[in-house]
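Reckoned from all heavy atoms, side chains included, excluding hydrogens, waters and symmetry mates.
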Amino acid sequence: MVFGNLWADAVGPGGGVDRDRCECFDQFRPQQPKHVRFHDERQDTSAAGWRHLLALIEEAVADGREVFRPLAVLSPDERREIVTLPPSIAKLVAVKHLVLYGSNLVRIPPEIGAMTSLEEFSPYTSRRLHWFPYELTRCGMLRRSTVSTRSVYGNYKLRPPFPRLSGLDAAGCLDLDDLDPGVWGATAVRTCSICDQPISEAGPHQVWISMRIATDVLPLLVNACSSACIQALPRAAEGYVLTPHKGGLDVVQPAPGRRRIRPRLSLPTGGAVEARHMTFCPSRAASVVSRLMVLPTL
C-alpha cells in the first residue's frame with residue numbers, strides 16, 4: 001500500500017537548508033536538561049524572507065483566502081530567515097486554516113488571537129517551536145490542530161521542563177517594545193493576554209499553563225497585567241501541571257509516557273456505567289479502564 005504525503009502542498013521549494021537545528025532538550029528521550037531557556041533569536045526585519053512574508057500576508061488579506069500556506073511559497077533561504085510571524089497576521093480574519101509545516105519559527109505572536117475564523121492550525125514538524133501564546137485561546141472556531149507535541153514544553157511523552165519565567169522589574173522601567181526574547185519569550189509585550197489591558201512598565205506577570213487547544217494540549221505563555229488576571233485563568237488540562245506556574249527545573253510534572261484521560265462511555269441497556277478513570281500508555285498504544293462498574297437500574 002502506498003500512502004500519499006498529506007503535507008505535499010505545504011512544502012516549499014527544495015535545494016537548501018530551510019531551518020536550524022534545535023538542542024534545547026532531547027525530543028525523543030525523556031532526559032532532563034540542566035538548563036532550559038527561550039530561544040533568543042530576534043527577527044531580522046530587513047531579510048528578504050521577512051519582506052516576502054509581509055507581501056504574502058497582504059495578498060491573502062486582499063483576496064480573502066481561507067487557507068494560508070506562506071512557507072510553501074518561500075525559498076529555503078527565506079524560510080530559514082523567519083523565526084516569528086509579523087503582527088499583521090491579525091488582519092487574516094478570513095483564514096480558516098493556517099499551515100506552517102516545517103517552519104524555523106521559535107515563537108508565534110499574540111496577534112494570532114485576532115484570527116477569529118481560524119478552524120485549523122498546522123505548525124507540524126516545527127521543531128524549534130516549544131510554546132504558544134495564551135491569546136490562541138481567543139480563536140473560538142479552532143477545532144483541529146497538528147503539532148509536533150514532542151517539541152513542546154511539558155509534553156506528556158517526555159515532560160521536558162519549562163523555562164523559568166522572570167519576575168516583575170521593581171524599578172518599573174522596562175522598555176516593553178524592546179525586551180530580551182531569551183528572558184521574556186518575545187521582543188515586545190504590550191497588552192494583557194487575558195483582559196487585553198495595557199501592561200505596566202514593571203513588566204508582565206508571566207505564568208505557564210497547559211491547555212487543550214483544538215486537538216492538542218499545548219504550553220501557553222500568559223502575559224498578564226495583574227495577579228487578579230492570573231487568578232482568573234481556567235484549570236489546566238488533566239494530566240499536566242494543574243495550576244499556573246513559573247516554570248524552572250523544580251516544577252513537579254507527572255511522569256513521562258502516561259496521561260489520564262476521561263473515557264467517553266455509552267450506557268449499556270438496563271444499566272448505568274460509573275467510570276473512575278482511564279490510563280493511556282502511548283508506549284504500548286493501549287487503553288485500560290482501571291475501574292469500571294455496571295450498576296443495575298433501580
For Pro254 versus Gly239, what's the shortest heavy-atom pair and its separation? CG-O, 3.4 Å
Sub-4.5 Å side-chain heavy-atom contact between Leu118 and Lys96: no
Is Thr191 reaching over with its side chain to a backbone N or O of Asp196, donor-acceptor style, under 3.5 angstrom? no
Under a 4.5 Å side-chain heavy-atom rule over Ile, Leu, Val, Met, Phe, Trp and Tyr, are Val251 and Tyr156 clustered together? no
Has Arg143 got a side-chain atom pairing as donor or acceptor with Gly140's backbone, closer than 3.5 angstrom? yes
Would Arg150 and Phe25 count as a cation-pi pair here, with the cationic atom under 6.0 angstrom from the ring centre and within 45° of the axis? no
Which atom pair, heavy atoms only, marks the closest approach of Ile230 to Val207? CD1-CG2, 3.4 Å
For Gln197 and Ser226, run side-chain contact (heavy atoms from CB on, under 4.5 Å): C-alpha distance rounded to whole Å, both residues' side-chain angles, the deciding distance at 0.1 Å, then the answer. CA-CA 10 Å; Gln197 293 300 304; Ser226 66; over 6 Å; no
Any side-chain donor-acceptor pair under 3.5 Å between Arg128 and Asn104? yes
Answer yes or no: is there a donor N or O on one side and an acceptor on the other, between the side chain of Arg107 and the main chain of Thr84, under 3.5 Å? no
With a 4.5 Å limit on heavy-atom distance, are the side chains of Tyr134 and Leu221 in contact? no
Leu179-Val83 co-clustered via ILVMFWY side chain contacts under 4.5 Å: no
Working to the nearest 0.5 Å, report the span between CG of Asp250 and CZ of Arg164. 6.0 Å
Could you measure the distance from the CG atom of Leu142 to the CD atom of Glu119? Nearest 0.5 Å is fine. 9.0 Å
How many angstroms lie between SG in Cys229 and CD1 in Ile199, if you round to the nearest 0.5 Å? 8.5 Å
What's the shortest heavy-atom distance between Met211 and Thr137, and which atoms? CE-CG2, 4.4 Å
Hey, is the main chain of Ser46 close enough, under 3.5 Å, to the side chain of Arg51 for a donor-acceptor pair? yes
Please give me the minimum heavy-atom distance between Pro109 and Pro133, naming the atom from each residue. O-CG, 3.8 Å
Is any side-chain heavy atom of Asp216 less than 4.5 Å from a side-chain heavy atom of Val152? no
Mind listing the closest non-hydrogen atom pair of Ser122 and His97 along with its distance? OG-NE2, 2.8 Å
Should the ring pair Phe132 and Phe121 be called parallel, tilted or perpendicular, given that the plane angle runs from 0 to 90° and is split at 30 and 60? perpendicular
Is there a path of hydrophobic side-chain contacts, each under 4.5 Å between heavy atoms of I/L/V/M/F/W/Y residues, joining Phe38 to Leu85? no
Arg80 side chain to Asp20 main-chain N or O, any donor-acceptor pair under 3.5 Å? no
Nearest atoms (heavy-atom pairs only) where Val217 meets Arg212: CG2-NH2, 3.7 Å
Could you list the residues that satisfy ring pair (Phe, Tyr, Trp, His ring centres under 6.0 Å) with His205, not counting sequence neighbours? none
Looking at side-chain heavy atoms only, is the closest gap between Val189 and Leu174 below 4.5 Å? no
Students often mix this up, so state it plainly: with edges at 30° and 60°, are the rings of Trp208 and Tyr153 parallel, tilted or perpendicular? perpendicular
Heavy-atom side-chain proximity of Val36 to Pro160 below 4.5 angstrom: no
Taking it one step at a time, do Gln253 and His245 satisfy side-chain contact (heavy atoms from CB on, under 4.5 Å)? CA-CA 11 Å; Gln253 300 189 60; His245 59 91; over 6 Å; no
Worked check of side-chain contact (heavy atoms from CB on, under 4.5 Å) between Ser88 and Leu54: CA-CA 8 Å; Ser88 57; Leu54 290 174; 4.0 Å; yes
Decide yes or no for Ser126 and Val147: does some side-chain heavy atom of the first lie under 4.5 Å from some side-chain heavy atom of the second? no
Would you mind reporting whether Val61 and Leu92 have side-chain heavy atoms less than 4.5 Å apart? yes
Give the cluster check for Leu136 versus Val106: same hydrophobic cluster or not, with ILVMFWY residues linked at side-chain heavy-atom distances below 4.5 Å. no
Is there a side-chain contact between Pro204 and Trp184 in this structure, where contact means two heavy atoms from C-beta onward sitting under 4.5 Å apart? yes
Going by the salt bridge (Lys or Arg N to Asp or Glu O under 4.0 Å) test, name the single residue among Glu59, Glu58, Glu111 that passes it with Lys91. Glu58
When rounded to the nearest 0.5 angstrom, what is the spacing between CG in Leu71 and CZ in Arg19? 10.0 Å
Between CG of Leu220 and OG of Ser210, what distance do you get to the nearest 0.5 Å? 7.0 Å
Report the C-alpha separation of Val222 and Ile194 in whole Å, then their side-chain angles, then the decisive distance to 0.1 Å, and conclude whether the side-chain contact (heavy atoms from CB on, under 4.5 Å) test is met. CA-CA 8 Å; Val222 179; Ile194 301 162; 3.8 Å; yes
Can you tell me how far the SG atom of Cys22 sits from the CD atom of Gln27, to the nearest 0.5 Å? 5.5 Å
Answer yes or no: is there a donor N or O on one side and an acceptor on the other, between the side chain of Asp18 and the main chain of Arg79, under 3.5 Å? no
Tell me whether Arg138 contacts the main-chain N or O of Ser193 through its side chain, where contact means a donor paired with an acceptor under 3.5 Å. yes
Same apolar cluster: Leu129 and Ile112, side chain cutoff 4.5 Å: yes
Any donor-acceptor N/O pair, Gln43 side chain to Glu81 backbone, under 3.5 Å: yes
Looking at the rings of Phe162 and Trp131, which for Trp means the six-membered one, are their centres under 6.0 Å apart? no
Who are the ring pair (Phe, Tyr, Trp, His ring centres under 6.0 Å) partners of Phe68, not counting sequence neighbours? none
